[in-house]
Each structure stands twice: as structure tokens, then as C-alpha cells.
Amino acid sequence: MSYFYNVNTKTQIIASLIKLDTPTATAVGGRFGLSGTVNGSASIVSNRLRLVAGSSYYIEASAIMYNPNASGSIVYGVYDQTNSVYLHECTSALDPTTSNPNCQRYCTSALILDSDITTTMDVEIQIKSIVGSGWDLTVTADGIGIWDFVGYPSLRLLELPS
Amino acid sequence: MTYFKNAPALTTMIEVTLSSAQTASQGDFVLFDTIRATGSHGVSVNSSTGELSLDPNKYYRIQASIDVSRSSTTSSWRFAWVDSGGNEISAADGGYDAQWDYHTASNNAGVPNATYVAMYQPTNLPATPIRLKATTLAAASSILPSTALIIIEAS
């Protein structure tokens, strides 16, 4: 008699969806708050993601910000606090009426390989520069500034064990 | 009786980027030239043609994040995936465009929200090679190095 079985294939990726909250300061160096459940081996420590060797990680974060003056820009990015270097950065995208020539990607992201991590690596979503005044980065359950939205801005973390 | 066997899908994450800004106009392709990956994979790029070759026997989820500096501040842009014949890959076949539309403050009726990302996630095996084409872009604009692909490949 021959037996046949069905094969269920499952990806090895471990995914986490983390709330990206109000930054510690509306200033250069301010880091966005992180809260929620991290699946896998990473953890949240002082609003930073602590990544552990033995896996590779893909991080992407979409911050939200409001400027009642409809001008200026904020550059934020994935910052490697362990090695003091930005892994990637992006600029806030203002209303399509803007005369700013840049139309940036909607999020900042970075692929961190297992080989990039010695033992652990702490990364954060950090403000690199601010142009303009009046910025409101306070995220509430109702939205930000005059904008209402459903749900919070988020950071997505994908872990792939080596 | 039915037997099930759980088997891990061998998975690789691949990042594809530009090493420097690319001057581009409508009809041009994004010329990616740099690959980093978590392990061995079946993806390659041709930095002269913009072709992204995929392993025809594997499964893919590709997300392109667009970062453009427009040569005209009143212009719009749109990027879409095309197949080897130059035909745009439709949503029915797993292709989704990225679009950013300029509008004035007083005339914004019917203007769509920006999407910023172009996805390619075929239900079955992929078309290959594919290219990311600027279907709308002001002449001599710049595609900036922050433009990137994140690819999840599974066998």
C-alpha cells in the first residue's frame, strides 16, 4: 500500500506589528516611542528595538507628523544606536500641494543581516533633522493635530532566523 | 485517512538598492545595482537594463518604495512593474503601481492619495525578468538612493 500526505509549507518569518508612538522630543535626536508585543527574539528596551544575533531582521516604520503651517520637513530614520549610525533615513511627505521637489517613500526601512550583529544591536526610529516650526508629533487615540485617523502609525518587524 | 506534513518554506529576504541617484524621465526604468540578502537566492539585477531576474520556480513578494526628486514641483509621478515584453503587470497578475499626484490646494477633487509603494506578489510563480518603469515622471527628475526593493523569496 502506498501512502501520500499533503504538505503544509510555512514561511520561517516571524512578524511583529509595533505601535510607533510620540517621540521623546520634537527635536533632533528624539526617538519615536515603541510599544506592543514583539514576537521572536527581539525586544523593546527604552523605546529601542534590541535585536539579537542568530537572526536577520527587516524593519520598516511609518511615522506620522503634522505641521499646521504646511511647510518644512522632518527627516527621520532607522538609527543604529549600538554603532551610532543611520541605517536609512526618509523625509516626511507633506501635502501634495507642496513645492518641495522631493516625494519620499512612505517609510524608513532597513535590512539588518545576522552578520551585522555581534551579540545584540539596539536600533531606534530617530529624528535626524527638523525644518520649520510648529510641528506636532503627539500621537493620540484620535489622531494627530487636526487629522483624525483609525489606528496608530506602526513599525513592522520581520525576523528570519539563520 | 489524510496525512499532513509540515515543512518549512526556505525563505530569504533580499534588499535591492541604488548606489547613487539616477537621472530619469518618463519611460525610463529604475536601474538597481546593489543586492544584500540573508542567504542564497535566485534574484539578480542588470544595472544597465533595470531587469530584475527571478527564479521561475520560487514564490515572491516584492515591495518597491519610491523616493523621487521631481524636476518640476507641479509634476506627478507613477511607477509600475512591466514584464519582459514591456507590458504592465496588472493587479490581476499581482502587480500594483506606486503613484504620487500633484494638485493645488483649491483644486483637489478626484486626486488620489499617494501610494509610494509598488508591489509585485503573483499568486503563483512569477514572471521573469521584470522591470520597474517610470510611467509618469517629469523629464530629468532624480530617482534617489533611498528607493529600494525588499523581496521575500520562498521555495
Side-chain angles (χ1 to χ4, degrees), chain A residues 1-15 54-62 70-71 75-78 86-117 149 156-162, chain B residues 1-17 36-39 59 61 63-77 98-108 111-117 138 141-142 144-148 150-155:
Chain A
M1 181 180 289
S2 299
Y3 292 92
F4 296 93
Y5 54 78
N6 294 324
V7 177
N8 295 325
T9 53
K10 296 167 63 177
T11 179
Q12 301 159 301
I13 289 176
I14 303 166
S55 292
S56 297
Y57 302 86
Y58 174 70
I59 298 170
E60 62 178 26
S62 308
S71 65
V75 176
Y76 67 100
V78 179
Y86 282 96
L87 302 177
H88 183 265
E89 60 192 67
C90 69
T91 309
S92 61
L94 294 173
D95 187 270
T97 59
T98 179
S99 59
N100 185 333
N102 286 18
C103 305
Q104 282 85 2
R105 53 192 300 175
Y106 79 119
C107 64
T108 183
S109 64
L111 178 64
I112 299 166
L113 303 180
D114 186 7
S115 57
D116 297 333
I117 306 170
F149 59 79
R156 282 82 64 191
L157 174 68
L158 303 181
E159 176 182 350
L160 183 61
S162 299
Chain B
M1 180 178 289
T2 303
Y3 294 89
F4 291 96
K5 178 184 179 182
N6 289 323
L10 184 60
T11 306
T12 306
M13 291 195 290
I14 305 143
E15 182 184 65
V16 182
T17 53
R36 297 173 73 237
T38 57
Y59 297 89
R61 178 185 188 275
Q63 175 179 297
S65 297
I66 311 297
D67 189 354
V68 165
S69 181
R70 299 165 296 154
S71 59
S72 163
T73 57
T74 58
S75 64
S76 303
W77 57 252
Q99 186 169 348
W100 191 98
D101 276 27
Y102 167 79
H103 65 80
T104 64
S106 59
N107 183 18
N108 55 13
V111 176
N113 287 326
T115 53
Y116 294 102
V117 293
S141 291
S142 292
L144 301 176
S146 289
T147 298
I150 182 70
I151 301 173
I152 297 175
E153 177 189 274
S155 56

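Predicted model, so just to flag it, every value in this text is computed and none were measured. Note on naming: letters A, B, ... go to the chains in the order of the sequence lines (proteins, then strands), and numbering restarts at 1 for each one.
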A.B. asks: Indicate whether the side chain of A:Ser109 and that of A:Arg156 have a donor and an acceptor atom separated by less than 3.5 Å.
C.D. replies: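 Side chains of A:Ser109 and A:Arg156: no pair found under 3.5 Å.
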A.B. asks: Measure across B:Asp101 and B:Trp77 and return the closest heavy-atom pair with its distance rounded to 0.1 Å.
C.D. replies: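 What the structure gives for the nearest pair is OD1-O, 4.5 Å.
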A.B. asks: Side chain, backbone, both or neither: which part of B:Ala37 has a non-hydrogen atom closer than 4.5 Å to chain A?
C.D. replies: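 Interface part for B:Ala37: backbone (N, CA, C, O).
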A.B. asks: Between B:Ile150, B:Thr12, B:Thr17, which residue shows the highest count of heavy-atom pairs closer than 4.5 Å to chain A?
C.D. replies: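 Result: the option with the highest number of such pairs is B:Ile150.
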A.B. asks: Tell me every residue that passes side-chain contact (heavy atoms from CB on, under 4.5 Å) with A:Ala15, counting only those two or more places apart in sequence or in another chain.
C.D. replies: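 In terms of side-chain contact (heavy atoms from CB on, under 4.5 Å), with neighbours along the sequence ignored, A:Ala15 is linked to A:Leu158.
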A.B. asks: Can you name the residues that form a side-chain hydrogen bond (donor to acceptor under 3.5 Å, both in side chains) with A:Ser55, not counting sequence neighbours?
C.D. replies: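 A:Ser55: side-chain hydrogen bond (donor to acceptor under 3.5 Å, both in side chains) contacts with A:Glu159.
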A.B. asks: Select one option (side chain, backbone, both, neither) describing which atoms of B:Ile14 are under 4.5 Å from chain A's heavy atoms.
C.D. replies: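 The backbone, not the side chain.
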